[in-house]
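Following: one structure in structure tokens, then a few remarks.
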Amino acid sequence: QVQLVESGGGLVQAGGSLRLSCVASGRAVSSYTMGWFRQAPGKEREFVAVLSRSGATIYYADSVKGRFTISRDNAKNTVYLQMNSLKPEDTAVYYCAARYSSLASTSRTDFASWGQGTQVTVSS
């Protein structure tokens with residue numbers, strides 16, 4: 001089973017940018033469909049972005065479309081989430097997740113492996 005470790009979170013002003021990284025170990029990240037989810041205080045964990053195993057399919061939540069970009073570097077066994085034009089409502093713990101399937105999914109229940117999360121705080 002793959003192990004995932006996120007990094008890159010922090011405190012940023014509204015309008016700023018951050019790039020989150022998710023380093024995988026134990027298995028090749030190219031074997032998985034990879035997703036990013038987030039959870040704000042008092043709210044359920046929600047879908048942010050997904051990249052299918054082949055790389056051919058990418059979905060984004062409507063709330064981040066046009067601002068966030070998911071990508072993968074197979075040589076570094078790492079998945080990224082580039083976040084631009086950040087808003088206070090993007091404040092949350094961001095989680096990387098892996099699904100051992102070729103099919104993209106926006107449902108957190110379809111992902112079996114999760115990282116520990118990284119905090120993103122956007123100040124107004």
Side-chain angles (χ1 to χ4, degrees):
Q1 191 166 351
V2 66
Q3 290 79 47
L4 305 171
V5 178
E6 304 97 332
S7 63
L11 174 63
V12 63
Q13 288 188 333
S17 299
L18 284 174
R19 188 178 77 159
L20 305 184
S21 299
C22 172
V23 179
S25 61
R27 298 285 292 271
V29 71
S30 57
S31 299
Y32 293 84
T33 283
M34 299 299 297
W36 286 96
F37 293 77
R38 66 186 182 186
Q39 188 167 17
K43 295 187 177 181
E44 292 191 353
R45 194 169 300 187
E46 65 175 6
F47 165 76
V48 175
V50 65
L51 174 66
S52 68
R53 185 165 65 193
S54 70
T57 302
I58 295 176
Y59 297 136
Y60 295 100
D62 288 343
S63 59
V64 307
K65 202 171 295 182
R67 300 188 297 122
F68 290 12
T69 303
I70 187 172
S71 62
R72 183 178 67 204
D73 186 333
N74 292 338
K76 295 183 178 180
N77 220 28
T78 300
V79 176
Y80 301 99
L81 185 68
Q82 177 67 44
M83 307 187 295
N84 299 328
S85 302
L86 283 162
K87 305 175 181 180
E89 50 264 43
D90 294 319
T91 295
V93 177
Y94 283 71
Y95 297 90
C96 175
R99 181 185 190 211
Y100 196 61
S101 169
S102 62
L103 299 177
S105 171
T106 63
S107 173
R108 64 182 186 270
T109 59
D110 286 337
F111 291 79
S113 299
W114 292 83
Q116 82 290 347
T118 185
Q119 176 71 47
V120 171
T121 303
V122 184
S123 63
S124 57

Pairwise side-chain contact, [X] with [Y], heavy-atom cut-off 4.5 Å (strictly under):
{"X": "M83", "Y": "V120", "result": "yes"}
{"X": "D90", "Y": "F68", "result": "yes"}
{"X": "W36", "Y": "C22", "result": "yes"}
{"X": "T118", "Y": "S7", "result": "no"}
{"X": "Y60", "Y": "I70", "result": "yes"}

Quick one: does any side-chain atom of [X] pair with a main-chain N or O of [Y] as donor and acceptor, under 3.5 Å?
{"X": "T33", "Y": "R53", "value": "yes"}
{"X": "N84", "Y": "G66", "value": "no"}
{"X": "D73", "Y": "T78", "value": "no"}

Task: Residues N74, V29; criterion side-chain contact (heavy atoms from CB on, under 4.5 Å); working and verdict - done: CA-CA 7 Å; N74 292 338; V29 71; 4.0 Å; yes
Looking at [X] and [Y], what are the two nearest heavy atoms and their distance?
{"X": "S123", "Y": "L11", "value": "CB-CD1, 4.4 Å"}
{"X": "L4", "Y": "A24", "value": "CD2-CB, 3.8 Å"}
{"X": "A92", "Y": "A40", "value": "CB-N, 3.8 Å"}
{"X": "V93", "Y": "G117", "value": "CG1-CA, 3.8 Å"}
{"X": "S17", "Y": "S85", "value": "OG-N, 4.3 Å"}

Within one Ile-Leu-Val-Met-Phe-Trp-Tyr cluster: [X] and [Y], side-chain cutoff 4.5 Å:
{"X": "V50", "Y": "M34", "result": "no"}
{"X": "L20", "Y": "F47", "result": "no"}
{"X": "V64", "Y": "I58", "result": "yes"}
{"X": "V12", "Y": "Y94", "result": "yes"}
{"X": "Y100", "Y": "F111", "result": "no"}

So, taking the atom named [atom1] in [X] and the one named [atom2] in [Y], what distance separates them when rounded to the nearest 0.5 Å?
{"X": "Q82", "Y": "S71", "atom1": "CD", "atom2": "OG", "result": "8.0 Å"}
{"X": "Q119", "Y": "T91", "atom1": "CD", "atom2": "OG1", "result": "7.5 Å"}
{"X": "L81", "Y": "L51", "atom1": "CG", "atom2": "CG", "result": "11.0 Å"}
{"X": "K87", "Y": "S124", "atom1": "NZ", "atom2": "OG", "result": "14.0 Å"}
{"X": "L103", "Y": "T57", "atom1": "CG", "atom2": "OG1", "result": "8.5 Å"}

Task: Pair S105, S107: side-chain N/O donor-acceptor within cut-off below 3.5 Å - done: no
TODO: Classify the side-chain pair Y95/R108 by whether it contains a donor and acceptor separated by less than 3.5 Å.
DONE: no
- [ ] Using the six-membered ring of F37, assess whether NZ or CZ of R45 lies under 6.0 Å from its centre and within 45 degrees of the ring axis.
- [x] no
Open item on the list: Which residue is it: E44, E46, E6? I am looking for the one with a salt bridge (Lys or Arg N to Asp or Glu O under 4.0 Å) to R38.
Closed with: E46
Open item on the list: For Q13, is the CD atom crowded, meaning more than 12 foreign heavy atoms sit under 6.0 Å from it?
Closed with: no
